[in-house]
J.: 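I'd like to ask some things about the structure below.
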Amino acid sequence: MRLDNMLLAEGVAGPEKGGGSAAAAAAAAAAGSPTDNSIEHSDYRAKLSQIRQIYHTELEKYEQACNEFTTHVMNLLREQSRTRPISPKEIERMVSIIHRKFSSIQMQLKQSTCEAVMILRSRFLDARRKRRNFSKQATEILNEYFYSHLSNPYPSEEAKEELAKKCSITVSQVSNWFGNKRIRYKKNIGKFQEEANLYAAKTAVTAAHAAAAAVQNSQTNSPTTPNSGFQMKDEEFQLDSAENKNTLLTNMFTGGYPAPCYQSDGRIQ
DNA sequence: AAGAATGATTGACC
DNA sequence: GGTCAATCATTCTT
């Protein structure tokens, strides 16, 4: 009974099911509540409840019509009983015919409701599958964070939330982005070197401005710069040495490619 | 139209 | 539970 299960899972089954309502509640609870993707999801839920409402009102209408028709037929039979004898069995037969007819109509209603739910579902899933590239600003913000935390590009939950807010995307999208970025950067550091230098320069410039404002007479010209490549956390301090920074600074302006600092085997954590 | 880039999903791992 | 790695599916670039 796929259709029934589906309706139950979506909470479309009505109270007329009697004992089934408990099963409906259980199924709804078991289905869980994926509370991510709030905007599209709430839209989905709204449409679903709309379908459910239509189903219930239609069902009620049929129920009522069935009752009305039954009493109408009963009246007719009663009238006919004056002219000819009508057995209780015949009445029973008529009533059961009517009920059968109406229950088949209700079945059709259930089926079409189910179809509507399925269509809604597939549309929802399609919408989720369809992706849009993030805005340029969003990518910029994410890249800025990534390259300025290259030694440990793992934003905390709070940092993720902040980035998500700044980029107007969800936290899981931020997680996805960092997951993709880490793996793709690691796979081909050379390809990303230009980008890395760009963002390193960007943060260097802003840091330099701050530094210049603070210490005008100082000779220090090495603002905080990111590492050349992210490493295992164990190596972080070792590779974040001043020597490394200087190398990067030089490379930044000469366009050189600093050697990647990866361990041959391990994962990044 | 083909290939590259990119966001999302999935399964395995710790 | 978060991450990695492979992969899918769509979008962008050439």
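Scope of the values below: all heavy atoms of this structure, side chains included, with no hydrogens, waters or symmetry mates. Sequence lines set the chain letters: A, B, ... in the order given, protein chains first and strands last, and positions in each chain run from 1.
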J.: Return the value, rounded to whole Å, for the distance between atom CZ of Arg182(A) and atom P of dC4(C).
T.: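 One finds 4 Å between P of dC4(C) and CZ of Arg182(A), rounded.
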J.: Could you list the residues that satisfy side-chain hydrogen bond (donor to acceptor under 3.5 Å, both in side chains) with Gln106(A), not counting sequence neighbours?
T.: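 Result, side-chain hydrogen bond (donor to acceptor under 3.5 Å, both in side chains) vs Gln106(A): Glu63(A).
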J.: Which residues pass the side-chain contact (heavy atoms from CB on, under 4.5 Å) test with Lys166(A), sequence neighbours left out?
T.: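 For Lys166(A) the side-chain contact (heavy atoms from CB on, under 4.5 Å) partners, ignoring immediate neighbours, are Ile141(A), Glu162(A).
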J.: From CD1 of Ile183(A) over to C1' of dA6(C), roughly how many Å is that when rounded to an integer?
T.: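 These atoms are roughly 9 Å apart.
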J.: Once you round it to whole Å, what is the distance between P of dG11(B) and CG of Asn176(A)?
T.: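 Checked: the CG to P distance equals 15 Å.
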J.: Please report the end-to-end axis angle for the helix from dA1(B)-dT14(C) to dC14(B)-dG1(C), five pairs per end, rounded to 10 degrees.
T.: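 One end axis against the other gives 10°.
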J.: Considering residues at least two apart in sequence or located in another chain, which fulfil the side-chain hydrogen bond (donor to acceptor under 3.5 Å, both in side chains) criterion with Asn133(A)?
T.: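 Only Arg131(A) meet the side-chain hydrogen bond (donor to acceptor under 3.5 Å, both in side chains) criterion with Asn133(A).
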J.: DNA chain C: Arg132(A) or Phe178(A), which has the more 5' nearest nucleotide?
T.: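 Closest to the 5' end, via its nearest nucleotide, is Phe178(A).
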J.: Looking at Lys187(A), I'd like to know whether one of its side-chain N or O atoms comes within less than 4.0 Å of OP1 or OP2 on dC4(C).
T.: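 No, Lys187(A) has no side-chain N/O under 4.0 Å of OP1/OP2 on dC4(C).
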J.: Check this one for me: any side-chain N or O of Lys186(A) less than 4.0 Å away from OP1 or OP2 of dA5(C)?
T.: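 Yes, within the criterion.
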J.: Just the table, please: protein N/O against nucleotides 4-6 of chain B N/O, every pair under 3.5 Å.
T.:
{"residue": "dT6(B)", "atom": "O2", "partner": "Arg131(A)", "partner atom": "NE", "Å": "3.0"}
{"residue": "dT6(B)", "atom": "O2", "partner": "Arg131(A)", "partner atom": "NH2", "Å": "2.6"}

J.: Can you name the closest pair of heavy atoms from Thr170(A) and Gln173(A) and give their distance?
T.: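 Looking at all heavy atoms of both residues, the shortest contact is N-OE1, 2.9 Å.
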J.: Could you check how far CG of Asn180(A) sits from P of dT11(C), rounded to whole Å?
T.: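 Nearest whole value for this atom pair: 16 Å.
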J.: Would you kindly give the NZ-to-P distance between Lys160(A) and dG2(C), to the nearest whole Å?
T.: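 Roughly 7 Å, once rounded to whole Å.
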J.: Please list all pairs meeting ring-ring contact (aromatic ring centres under 6.0 Å, His included) that have one or both residues in residues 155-181 of chain A, counting only residues at least two apart or in different chains.
T.: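 Sorted result for residues 155-181 of chain A: Tyr145(A)-Phe178(A).
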J.: So, using salt bridge (Lys or Arg N to Asp or Glu O under 4.0 Å) as the criterion, who are the partners of Glu58(A) when residues are at least two apart?
T.: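 Glu58(A) satisfies salt bridge (Lys or Arg N to Asp or Glu O under 4.0 Å) with Lys61(A) only.
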J.: With salt bridge (Lys or Arg N to Asp or Glu O under 4.0 Å) as the rule and sequence neighbours excluded, what pairs involving residues 138-158 of chain A come up?
T.: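 Found Glu140(A)-Lys202(A).
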J.: For residues 87-100 of chain A, dump all side-chain donor-acceptor pairs below 3.5 Å to protein atoms at least two apart in sequence or in another chain.
T.:
{"residue": "Ser87(A)", "atom": "OG", "partner": "Glu90(A)", "partner atom": "N", "Å": "3.1"}
{"residue": "Glu90(A)", "atom": "OE2", "partner": "Arg84(A)", "partner atom": "NH2", "Å": "3.3"}
{"residue": "Ser96(A)", "atom": "OG", "partner": "Arg93(A)", "partner atom": "O", "Å": "3.1"}

J.: Hey, does the side chain of Gln173(A) come within less than 4.0 Å of dA8(B)'s phosphate (OP1/OP2), counting only N and O?
T.: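 Answer is yes, contact under 4.0 Å.
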J.: Do Tyr185(A) and Glu195(A) have side-chain atoms, one donor and one acceptor, less than 3.5 Å apart?
T.: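 Absent: no donor and acceptor within the cut-off.
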